[in-house]
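Report on the structure given below.
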There are 2 protein chains.
Amino acid sequence: MKSEKASLKNIAEALNVSVSTVSRALKNHPDINDDTCKRVQEYARKVHYRPNVLALGLKHQRSMTIGVVVPEIVHHFFSSIISGIEDLAYGEGYRVMICQSNEDYLREVMNVQALMDHRVDGMLVSISKSTLDHQHFVDLANHGVPLVFMDRACNDLVSDKVLTNDYEGARMVVRHLLKRGCRNILHLAGPQHLCVGRERQEGYIQALNDYGLTHREDFVIRCDTPSKVESRKNKILGKAENIDGIFCVNDFTAAAVMRLLQDNGYDIPGQVAVAGFGDDPLASMVRPTLTTVEQRGYDMGKTAARMLLNRLSGDTIDEDTPQTKVFPAFLKVRESG
Amino acid sequence: MKSEKASLKNIAEALNVSVSTVSRALKNHPDINDDTCKRVQEYARKVHYRPNVLALGLKHQRSMTIGVVVPEIVHHFFSSIISGIEDLAYGEGYRVMICQSNEDYLREVMNVQALMDHRVDGMLVSISKSTLDHQHFVDLANHGVPLVFMDRACNDLVSDKVLTNDYEGARMVVRHLLKRGCRNILHLAGPQHLCVGRERQEGYIQALNDYGLTHREDFVIRCDTPSKVESRKNKILGKAENIDGIFCVNDFTAAAVMRLLQDNGYDIPGQVAVAGFGDDPLASMVRPTLTTVEQRGYDMGKTAARMLLNRLSGDTIDEDTPQTKVFPAFLKVRESG
DNA sequence: TTGAAAGCGCTAACAG
DNA sequence: CTGTTAGCGCTTTCAA
């Protein structure tokens with residue numbers, strides 16, 4: 001029964017009516033005979049008719065598809081964002097095309113290009129760590145494709161954004177470590193060309209200032225993945241004796257450094273308190289459980305999608321003013337600090 | 001500079017040639033004047049011409065896109081599979097549309113439908129836990145859309161498959177627990193209507209038999225997520241005194257049960273050894289690190305994509321015989337058992 | 001109430 | 001070597 005795919009044309013032929021009649025009947029056009037309408041709809045259902053979205057997209061010049069580019073879907077934060085996007089978009093009749101840049105600039109440019117080729121109606125993007133040039137996003141704007149940045153935005157571009165209050169989140173968790181008594185807090189920092197990395201570092205510095213301390217340059221190390229913890233382990237262990245706390249730019253790094261210290265005989269949080277950022281599920285699986293900052297990925301995705309769809313339907317209040325929505329961060333105190 | 005998107009038509013107009021000449025020039029058709037060719041290509045580059053894949057798909061009746069349906073991208077195993085698929089597909093000029101079913105049957109049916117609507121050339125699928133009916137996959141076959149199952153296949157359907165040797169993997173890791181001295185091993189099992197759940201349970205039973213033991217019905221509990229560990233915790237703790245090992249159908253569940261036992265004063269692996277399945281990154285982050293079975297997600301994804309593309313190009317040896325590729329499982333002995 | 005025709009962007013036989 | 005034409009599946013004027 002390898003049947004030919006149903007189309008308006010062959011439905012029309014089978015029923016001895018014209019394609020336009022079928023087209024109208026299928027969308028309950030007002031001036032169409034009730035009988036014809038019913039006949040067409042029944043037959044369409046029988047042959048499992050489904051409109052060809054390629055043809056529709058071509059005709060309407062919009063694909064009812066939104067493109068998503070994130071660094072890596074393996075991270076819980078980004079998969080949560082995606083779930084949020086999907087739930088909202090599906091509900092509004094949109095489809096979602098997901099791409100991952102693997103933190104690679106060239107791949108990101110390719111992804112954006114591929115989504116453009118597919119004529120997506122808009123894009124939701126979280127930029128990769130290695131992205132320094134933003135021309136591909138400028139091009140998007142020039143082509144009139146609406147764009148909303150999520151979490152990792154680029155500052156030199158006016159555009160809608162959905163962010164976490166990284167600055168206050170970082171400040172909050174570092175103040176927590178300080179309140180606990182820590183006075184020599186190491187910061188494992190993310191790349192400073194990304195807003196999230198920069199804001200978290202500045203929050204860290206501000207928290208120290210809040211307590212009348214100044215930050216030490218040598219207490220900030222660029223290190224934002226477990227594998228970098230491994231490659232910088234001598235550097236980190238070299239400082240271990242002089243510190244009583246560590247604030248990491250994310251939870252994986254925190255979990256990795258915690259393990260490194262434990263393996264070298266340090267008690268956590270007894271000798272060194274550790275905190276992360278993001279509240280990855282991992283944070284409650286490691287021992288001790290990880291003190292961190294909650295980030296609402298699902299809600300951020302949903303909000304970003306909402307902003308994009310608003311742009312698409314063009315019924316936003318401020319047609320041209322870019323919106324920025326900042327989500328609050330929540331402190332999650334657990335066992336590690 | 002919100003420029004109109006370049007098309008063959010407006011390139012043709014600008015250059016005073018016909019659309020077909022432009023079309024030919026752009027694909028270096030043999031019989032086209034070198035000058036014209038160069039002129040067209042230069043102009044096309046200048047205006048950033050990109051072919052409209054919707055139009056191409058409509059014309060060629062194939063979209064150069066493959067659809068992927070997995071339960072949840074948040075799991076490392078599935079994201080690895082996706083990375084494998086992407087790397088292979090991109091290299092062959094295909095694009096990838098990713099959908100997640102969220103372990104929900106209806107969502108899965110929707111996903112398959114949406115991918116059909118997009119006229120994907122083929123699909124790669126890992127079925128959801130709640131999928132009992134397989135009609136939507138039968139329909140696919142009837143429409144001539146090639147399908148390769150990955151990891152979670154459905155047995156009542158002849159089709160290409162890429163699997164892990166779950167049976168041997170489970171048998172191996174349980175034999176390891178037995179060799180270590182465990183004699184009362186609990187199994188936290190997955191749904192038995194999924195091949196992976198069943199095979200892992202059967203591997204567990206076989207390993208016991210290998211050691212001259214018979215399995216006890218009350219030592220098998222359906223429990224395959226951390227939240228089910230939570231909801232069945234009394235049942236599990238009730239057996240804790242009588243067991244010396246636990247084999248879990250996946251690593252998250254293993255991590256959760258490990259934590260449950262630790263919180264209740266049990267030493268791992270001293271009193272109870274614990275093993276998981278999958279070698280999630282989590283396995284090396286928890287304490288004690290988790291003994292488990294390695295599963296090669298990336299390679300499985302790559303292989304599945306390869307099988308699908310072979311079907312699409314139609315140059316496989318056995319046109320109609322479905323292929324099954326089984327990947328070996330590897331024991332990863334760590335601290336927990 | 002229905003049909004014919006044009007067109008979205010592209011390709012490919014056919015004709016010149 | 002290049003242009004004309006038809007058609008992929010669909011919508012939408014315009015005409016009947």
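Any value given below was found using the heavy atoms of this structure, including those in side chains, with hydrogens, waters and symmetry copies removed. None of the values given here were measured: they were computed from a predicted structure. Here is how names work: the chains are called A, B, and so on, in the same order as the sequence lines, proteins then strands, and each is numbered from 1.
The listed nucleotides are C:dC10, D:dT2, D:dC10; the one nearest the side chain of A:Asn52 is D:dC10. Taking only side-chain atoms of B:Tyr49, from C-beta outward, the nucleotide of D:dT4, D:dC10, C:dC10 with the closest atom is C:dC10. The side chain of A:Asp31 lies closest to C:dT1, out of D:dT2, C:dT1, D:dT11.
Each of B:Leu8 and A:Ile32 was matched to the nucleotide of DNA chain C holding its nearest heavy atom; the match closer to the 5' end belongs to A:Ile32. Checking B:Leu58 against B:Thr36, the closest nucleotide of DNA chain D that is more toward the 5' end is the one next to B:Thr36. Comparing B:Arg119 and B:Asn16 along DNA chain D, the residue whose closest nucleotide (by nearest heavy atom) sits nearer the 5' end is B:Asn16.
No side-chain donor-acceptor contact under 3.5 Å links A:Asp151 to the backbone of A:Leu163. The main-chain N or O of B:Arg107 is never found under 3.5 Å from a side-chain atom of B:Ser101 such that the two would form a donor-acceptor pair.
Considering only side-chain N and O atoms, B:His60 lies under 4.0 angstrom from the phosphate OP1 or OP2 of C:dA12. Proximity of A:Lys27 to the phosphate of D:dC10: no side-chain N or O atom is located under 4.0 Å from OP1 or OP2. Between A:Gln61 and C:dG9 there is a side-chain polar atom (N or O) within less than 4.0 angstrom of OP1 or OP2. Here A:Ser23 does not reach the OP1 or OP2 of D:dC10: none of its side-chain N or O atoms lies under 4.0 Å away. Look at A:Thr21 and you won't find any side-chain N or O under 4.0 angstrom from OP1 or OP2 of C:dT2. Between A:Ser20 and C:dT2 there is no side-chain N or O to OP1 or OP2 distance below 4.0 Å.
Taking atom CG of residue A:Asn33 and atom C1' of nucleotide C:dG3, one finds them 15 Å apart after rounding to whole Å. Counting to the nearest Å, the P atom of D:dC8 and the CG atom of A:Leu56 are 16 Å from each other. Regarding A:His118, its NE2 atom lies at a distance of 17 Å from the P atom of C:dG9, rounded to whole Å. Between B:Asn28 atom CG and C:dT11 atom P there is a gap of 13 Å when expressed in whole angstrom units. Taking atom CG of residue A:Leu26 and atom C1' of nucleotide D:dT12, one finds them 15 Å apart after rounding to whole Å. Across the protein-nucleic acid pair, B:Arg24 atom CZ and C:dA13 atom P stand 10 Å apart, rounded to whole Å. Taking atom NZ of B:Lys9 as the reference point, atom P of D:dG3 lies 16 Å away to the nearest angstrom. Protein atom CG of B:Asp117 is 11 Å distant from nucleotide atom P of D:dC10, rounded to whole Å.
B:Val17 comes within 4.0 angstrom of the backbone, heavy atoms only, and of no base.
For A:Tyr94 against A:Tyr90, the heavy-atom pair with the smallest separation is O-CD2, 3.4 Å.
Under the 6.0 Å distance and 45° angle rule, B:Lys302 does not count as a cation-pi partner of B:Tyr298.
In summary, the aromatic rings of A:Tyr49 and A:Tyr43 are positioned with their centroids too far apart to meet the 6.0 Å limit.
Looking at A:Lys59, its side chain comes within 3.5 Å of the base of C:dG7 through a donor and an acceptor atom.
A salt bridge links B:Arg306 to B:Glu92: one of the charged nitrogens lies within less than 4.0 Å of a carboxylate oxygen.
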